[in-house]
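Below: the structure, in structure tokens.
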Amino acid sequence: MPSRRNELRGSFAAVGIGEVPTGVYPDRSALDAAMLVAREAVRDSGIPKEEIDVVMTTGAIFNPEFNADMIFSRLVEELGLTGTTHTNMQVMAGGASSSVMFKTAGALVTSGLADHVLVIASDKLATGMSIADAIDTFARYGIPAEWERPYGQHFSAIAALIMQRYQHETGTTAEQLASVCVSLRAWACLNPNAMYRKPLTIEEVLSSKMLSEPLHAKESNMLADGAAAFVVTTAERARELTETPVFYLGSGGRVTHYALSQEPDITRFGWAQAGHEAFAEAGIDVADVDIAEIYDSYAIFNLICLEELGFVERGEAGAFVEAGHTSPGGKLPMTTNGGMLSQGHTAVGGGVAILVETIRQLQGRAGERQVPGATLAVETSVGGSYMDAQVLVLSTEVR
Amino acid sequence: MTATAPAFSANSRYFWDGIEQGELRLPWCGACGRPYFPPRPFCPFCWDDAIEWRQAAGTGTLYTFTVVRANPPSAFVPELPYAIGIVRLDEGVQMMCHLHGDLDALVCDAPVHAGFAELNGRRVPSFAVVGTPAS
């Protein structure tokens, strides 16, 4: 079957974004937060709300009821989009939903099945569930009931198992891993929407509680309430709406396991193939990239991504981050909203927040943390127990 | 306990029945002749229905491991600290397991041998390091 992939480069774009502050917000319901970011994204896009013809939400973790109650339809009604929106849906790919929803929305607008797709994520991990429930929830989803849960597997242990092997193979030090958290916190300090805005040191990270060896508490993501949204349309329409559409240039993806214990290489996953595919479609070289917006639910994943996507050689990412190259002012700004480790982890929304940050940076609207002259970004995301590798190449220029 | 109890199917039951009887069993494809894990209704390689169960040698290497010290799933709080890992069996499959013995001896690529342990009220495969990694 002939591929039509080469027709997609530059054919669709993000044109509007919305986000509420991430953190502990007991009085802000997940639905209210979803509505606030949806309105902000549509207003930001300049599209009359009556022209939003598809509303796409993703899964929330804090309460299965939120999904089962058809939140996608409720949002259409609450936002006053009934009668003009022709399709509502939920697209769920775990933490990879950001990239996957962007691709899906792009497919809808380039095929002509939709004109303007509104994409929304909202979750409430800080105040929508107890800490005990949150720990048990993250010992369930994405972890096979028969083959890993009986051993007490959970997400901290998943990160620890990967760190252990990665450090064994590459010689990366505990200090270098901790420096990822320090770099992300430096970005969060410049982000008014971030949950943690106090500078962090390597010593503080390494003296925090040991959870699952070698993972420390401050190397774990911070569960938060939050929401983010964006709007996708065709490139043609996007150019009518804004001077700075954020165009799709390429994408790559690989699903390499469901159960972590079935992953053939837990120090690499599918990033090299996904990255190669995305960069080839975009027609770019890794050296052209201005910003690396890497999904960071644990520090280890930033290091693996930096290496496998080709920003640095295998085993060199730790020293690269420790030297400050990914921090504000560095040569490869990385996860510039502070990521899930510092802006806060809103489940699927954490990845959507990183994609929204990518759009914001490329549009030159990131305030104090704006990376000067950034026009080309790589955004990554991953779901479950690091089951897949999703890469997007985005730019304000179709070169 | 719903968070941790294995969800049994006809395919997984034979494995867990083996554990209860002190045997580590693996499914092999009766058509393409390859072992696979976890058990499934048909072979993931060639999709053939023929399943042959064989007892595993119980030997392999430790791919990775962690010692859980804090914040485990609630049902596992009484087990703290506990060690879990991923082993690569000599048959060529990987599986998650509990680890027993000297936790300080845990090192990636070390040879391991299968045994069993009681964990959270369930008998599970548990491996121990039995030497140093091949250089």
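To find a chain, count down the sequence lines: A is the first, B the second, and so on, and within it residues start at 1.
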Legend entry - Proximity breakdown for A:Pro264 and chain B, heavy-atom pairs closer than 4.5 Å: backbone
Legend entry - Side chain to side chain, A:Gln262 and B:Pro38, heavy atoms closer than 4.5 Å: yes
Inset, instruction - Please look at B:Pro81 and chain A and tell me whether the side chain, the backbone, both or neither of the residue comes under 4.5 angstrom of a heavy atom of that chain. - result: neither
Inset, instruction - Tell me, for B:Leu80 versus chain A, whether the close heavy atoms (under 4.5 Å) come from the side chain, the backbone, both or neither. - result: neither
Inset, instruction - Might you work through the side-chain contact (heavy atoms from CB on, under 4.5 Å) test for B:Tyr63 and A:Arg165, ending with a clear yes or no? - result: CA-CA 7 Å; B:Tyr63 182 45; A:Arg165 183 71 199 184; 3.5 Å; yes
Legend entry - Over 12 foreign heavy atoms within 6.0 Å of CH2, B:Trp47: no
Legend entry - Smallest separation among heavy atoms of A:Tyr151 and B:Pro125, with atom names: OH-CD, 3.1 Å
Inset, instruction - Identify which part of B:Phe15 has an atom lying under 4.5 Å from any heavy atom of chain A, answering side chain, backbone, both or neither. - result: side chain
Inset, instruction - Heavy-atom pairs under 4.5 Å with chain A are the metric here; pick the option from B:Val93, B:Val67, B:Val124, B:Ile86 that has the most. - result: B:Val67
Legend entry - More than 12 heavy atoms of other groups within 6.0 Å of A:Glu313 CD: no
Inset, instruction - Could you check if a side-chain atom of B:Phe37 sits within less than 4.5 angstrom of a side-chain atom of A:Ser261, using non-hydrogen atoms only? - result: no
Legend entry - A:Ala157 versus chain B, the contacting section by heavy-atom distance below 4.5 Å: both
Legend entry - Structural part of A:Asp133 lying under 4.5 Å from a heavy atom of chain B: neither
Inset, instruction - Please report the closest heavy-atom contact between A:Glu213 and B:Thr66, naming both atoms and the distance. - result: O-OG1, 2.6 Å
Legend entry - Part of B:Phe65 within contact of chain A (heavy atom distance under 4.5 Å): both
Inset, instruction - Supply the atom-to-atom distance A:Trp147 CH2 to B:Met95 CE, rounded to the nearest 0.5 angstrom. - result: 8.0 Å
Inset, instruction - Examine whether an atom of A:Glu263 lies under 4.5 Å from a heavy atom of chain B, and if so say whether it belongs to the side chain, the backbone or both; otherwise answer neither. - result: backbone
Legend entry - CD1-CG distance between A:Ile135 and B:Asn71, expressed to the nearest 0.5 angstrom: 4.5 Å
Inset, instruction - Mind checking the CG-CD1 spacing from A:Leu161 to B:Ile84? Nearest 0.5 Å is all I need. - result: 5.5 Å
Legend entry - Intermediate values then yes/no, side-chain contact (heavy atoms from CB on, under 4.5 Å), A:Gln164 and B:Leu106: CA-CA 11 Å; A:Gln164 189 85 252; B:Leu106 297 173; over 6 Å; no
Legend entry - Side-chain touch B:Asp109/A:His168, heavy atoms, less than 4.5 angstrom: yes
Legend entry - Minimum heavy-atom distance between B:Tyr82 and A:Gly152, given as atom pair plus value: OH-O, 2.8 Å
Inset, instruction - Please flag which part of A:Leu215 lies under 4.5 Å from any non-hydrogen atom of chain B: side chain, backbone, both or neither. - result: neither
Legend entry - Of A:Thr267, A:Ile266, A:Leu260, the residue whose pairing with B:Thr64 passes side-chain contact (heavy atoms from CB on, under 4.5 Å): A:Ile266
Inset, instruction - Could you tell me whether the side chain of A:Asp136 and the main chain of B:Ser74 form a donor-acceptor pair under 3.5 Å? - result: yes
Inset, instruction - Quick one: pull up SG in B:Cys108 and CD in A:Gln167 and give me the separation to the nearest 0.5 Å. - result: 9.5 Å
Inset, instruction - Would you name the heavy atoms of B:Val68 and A:Ser212 that are closest together and state the gap between them? - result: CG2-OG, 3.5 Å
